[in-house]
Amino acid sequence: MSQATSATPPIVSLRGVHKYYGTYHALRGVDLDIGSGEFFSLLGPSGCGKTTLLRTIAGFEDISQGTLLLSGQDMRGVPANKRPTNMVFQSYAIFPHLTVAENVAFGLRRRRDLDKRAKGALVDEALEMAGLDGFGPRAAHALSGGQRQRVALARALILKPKVLLLDEPLSALDKKLREQMQNELRRLQRHVGITFILVTHDQEEALIMSDRIAVMFEGEIAQLADPQTLYRRPLSRRVANFIGTMNFLPARVNGDMLDIAGLGRATVKPDQAPGGMPSGDGHIGIRPETMSILFEGDATPAQTANGKVVELAYYGDMTYYDVLLDDTETPVTVSMKNLVGRRVLERGDRARISWDERSLVVFS
Ligand code: ATP
């Protein structure tokens, strides 16, 4: 199945969407379908247009050209508050002088059709969904960062939007709390079953949380795929470099046969060149964890190469070695688990590397 289309009927559908700020071309022809119940991420470096795309879906920005459908309906001229979407912002605008319950109930301010009891029941339900059971009477100013984020989520969910838009919602939290909230957000999304669209510049966050990810550069979608496809079969060197770490080595390409600088000969399958198999000069990409350093007593695998350790970084559980392969100019990074009894090499040591042609990706 093509990962460019969602498995379920699209709830968000964009065709040929362009956005200009004056003469600045912020979105350059975006085509995108997002399915009902998907956890979808827009990932890219600062300034690539991901927030602009989210804001056009929300209705905070007009589209300069193209169409946007939500649940099959054209959104041209439809204001933000009439769309089936709601947004959670990076800086969670909590009112410190109100209680948690009052903050959440603020999401219902336009619902004149509901009486006090009905509103109270909705607030309780939203608090429970966001993991804030019993927090209703608490003063909002006394909450931790993670709890504030939950209040913002509860306030957005209380309106039961079909699509929840999240603009870097976790970026203000410290690392530990961010990891915890990533798991919770994912669980919450599965529980409520509505579509989440997350904007993030954190590739790990996108990989952990998403069903599918659109990687954006300069106002365009460079690749749209599920996390494993993005990581294992990046379409370009640029995408490969943005998602994790990848080593690149020059290679001569002849059909499915490669001659790789520092590594030697390899044979690859067509799907290992997701952007198309080059002919003649190309590059291969290889991830640090798909190579190993061989130690005495290890069985000798079919594909090996020799080099010298020029730098290393010891992380406790892992060591990252920069190894300059013989007859090459740029070191490759090899990551090794620090298993019991395995020694850590030193700078200047010779190193024998094992690698596997099945893990190569070929680029033009
Ligand atoms: P970040 O992660 O830094 O928020 P982003 O990928 O979300 O980046 P956008 O906020 O979508 O990027 O901005 C895309 C480009 O459009 C940027 O170059 C930005 O300066 C420009 N831009 C955004 N909003 C406006 C505006 N209101 N007027 C003019 N230019 C804008």
Side-chain angles (χ1 to χ4, degrees), residues 2-7 10-14 17-19 25-35 37-58 60-61 68 85 87-91 149 153 163-173 175 178-179 181-186 188-190 194-246 274-275 285 287 361 363:
S2 158
Q3 295 298 330
T5 52
S6 57
I11 191 154
V12 177
S13 189
L14 292 97
V17 168
H18 290 262
K19 172 70 185 174
H25 201 173
L27 294 177
R28 299 165 180 247
V30 174
D31 295 316
L32 180 60
D33 285 329
I34 299 176
E38 259 199 285
F39 200 124
F40 193 92
S41 291
L42 297 168
L43 172 69
S46 182
C48 71
K50 52 197 188 299
T51 301
T52 299
L53 185 52
L54 199 73
R55 290 173 60 82
T56 60
I57 296 170
F60 299 134
E61 301 284 355
L68 162 65
T85 54
M87 187 127 156
V88 179
F89 294 93
Q90 182 174 3
S91 55
Q149 190 50 262
L153 268 174
V163 182
L164 191 68
L165 306 168
L166 302 123
D167 188 5
E168 306 246 10
L170 308 180
S171 61
L173 306 178
K175 189 170 183 288
R178 194 162 70 229
E179 285 168 4
M181 286 299 287
Q182 285 166 357
N183 288 326
E184 283 197 26
L185 259 187
R186 187 69 181 113
L188 175 68
Q189 190 271 337
R190 288 209 187 100
I194 64 177
T195 305
F196 277 32
I197 307 178
L198 172 80
V199 158
T200 181
H201 62 267
D202 181 339
Q203 43 100 10
E204 213 168 74
E205 182 164 294
L207 290 177
I208 292 168
M209 297 172 78
S210 319
D211 294 313
R212 289 187 310 149
I213 301 167
V215 179
M216 292 183 69
F217 297 125
E218 281 121 31
E220 286 178 302
I221 295 178
Q223 188 167 4
L224 199 175
D226 64 277
Q228 287 195 35
T229 304
L230 260 190
Y231 191 80
R232 292 186 181 161
R233 295 289 180 256
L235 273 176
S236 64
R237 287 174 67 179
R238 196 168 181 201
V239 171
N241 245 340
F242 195 71
I243 310 278
T245 306
M246 195 172 246
R287 299 274 187 202
V361 187
F363 301 103

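None of these values were measured; they are calculated from a predicted model. Nothing fancy with the numbering, it's 1 onward along the sequence.
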Side-chain heavy-atom pair [X], [Y] within 4.5 angstrom cut-off:
{"X": "Ile34", "Y": "Val163", "value": "no"}
{"X": "Val17", "Y": "Leu32", "value": "no"}
{"X": "Val30", "Y": "Thr56", "value": "no"}
{"X": "Ile194", "Y": "Ile11", "value": "no"}
{"X": "Gln223", "Y": "Pro234", "value": "yes"}

Distance check, rounded to the nearest 0.5 Å: [X] atom [atom1] versus [Y] atom [atom2]?
{"X": "Arg287", "Y": "Thr245", "atom1": "CZ", "atom2": "OG1", "answer": "7.5 Å"}
{"X": "Leu27", "Y": "Met216", "atom1": "CG", "atom2": "CE", "answer": "5.5 Å"}
{"X": "Lys19", "Y": "Arg28", "atom1": "NZ", "atom2": "CZ", "answer": "14.5 Å"}
{"X": "Leu198", "Y": "Leu42", "atom1": "CG", "atom2": "CG", "answer": "8.0 Å"}
{"X": "Leu54", "Y": "Glu168", "atom1": "CG", "atom2": "CD", "answer": "10.0 Å"}
{"X": "Asp226", "Y": "Arg212", "atom1": "CG", "atom2": "CZ", "answer": "9.0 Å"}

Counting neighbours of CZ on Arg186 that are heavy atoms of other residues, nucleotides or ligands and sit closer than 6.0 Å, is the number greater than 12?
yes
By side chain to side chain contact (heavy atoms under 4.5 Å, CB included), Glu184 pairs with (sequence neighbours left out) Arg150, Gln180, Met181, Arg187
How far apart are the C-alpha atoms of Val12 and Thr85, what are their side-chain angles, what is the distance that settles it, and do they pass the side-chain contact (heavy atoms from CB on, under 4.5 Å) test?
CA-CA 10 Å; Val12 177; Thr85 54; over 6 Å; no
Counting only N and O atoms by type, is there a donor-acceptor contact under 3.5 Å from the side chain of His201 to the main-chain atoms of Gln203?
no
Any side-chain to backbone donor/acceptor pair from Gln149 onto Pro169? Under 3.5 Å, distance only.
yes
Name of the residue among Gln182, Glu205, Lys50 meeting side chain to side chain donor-acceptor pair (under 3.5 Å) with Thr200:
Glu205
Would you name the heavy atoms of [X] and [Y] that are closest together and state the gap between them?
{"X": "Ile213", "Y": "Phe40", "answer": "C-CZ, 4.5 Å"}
{"X": "Glu38", "Y": "Asp33", "answer": "OE1-O, 4.5 Å"}
{"X": "Ala240", "Y": "Met246", "answer": "CB-SD, 3.5 Å"}

Show, in sequence, the C-alpha distance, side-chain angles and deciding distance for Leu53 and Leu14, and conclude whether the side-chain contact (heavy atoms from CB on, under 4.5 Å) test is met.
CA-CA 10 Å; Leu53 185 52; Leu14 292 97; 3.6 Å; yes
Measure the acute angle between the ring planes of Phe39 and Phe196, then classify it against the limits of 30° and 60° as parallel, tilted or perpendicular.
tilted
Using the rule given for side-chain contact (heavy atoms from CB on, under 4.5 Å), can you reason through Met87 versus Arg55, listing the C-alpha separation, both sets of side-chain angles and the distance that settles it, and then say yes or no?
CA-CA 9 Å; Met87 187 127 156; Arg55 290 173 60 82; 4.1 Å; yes
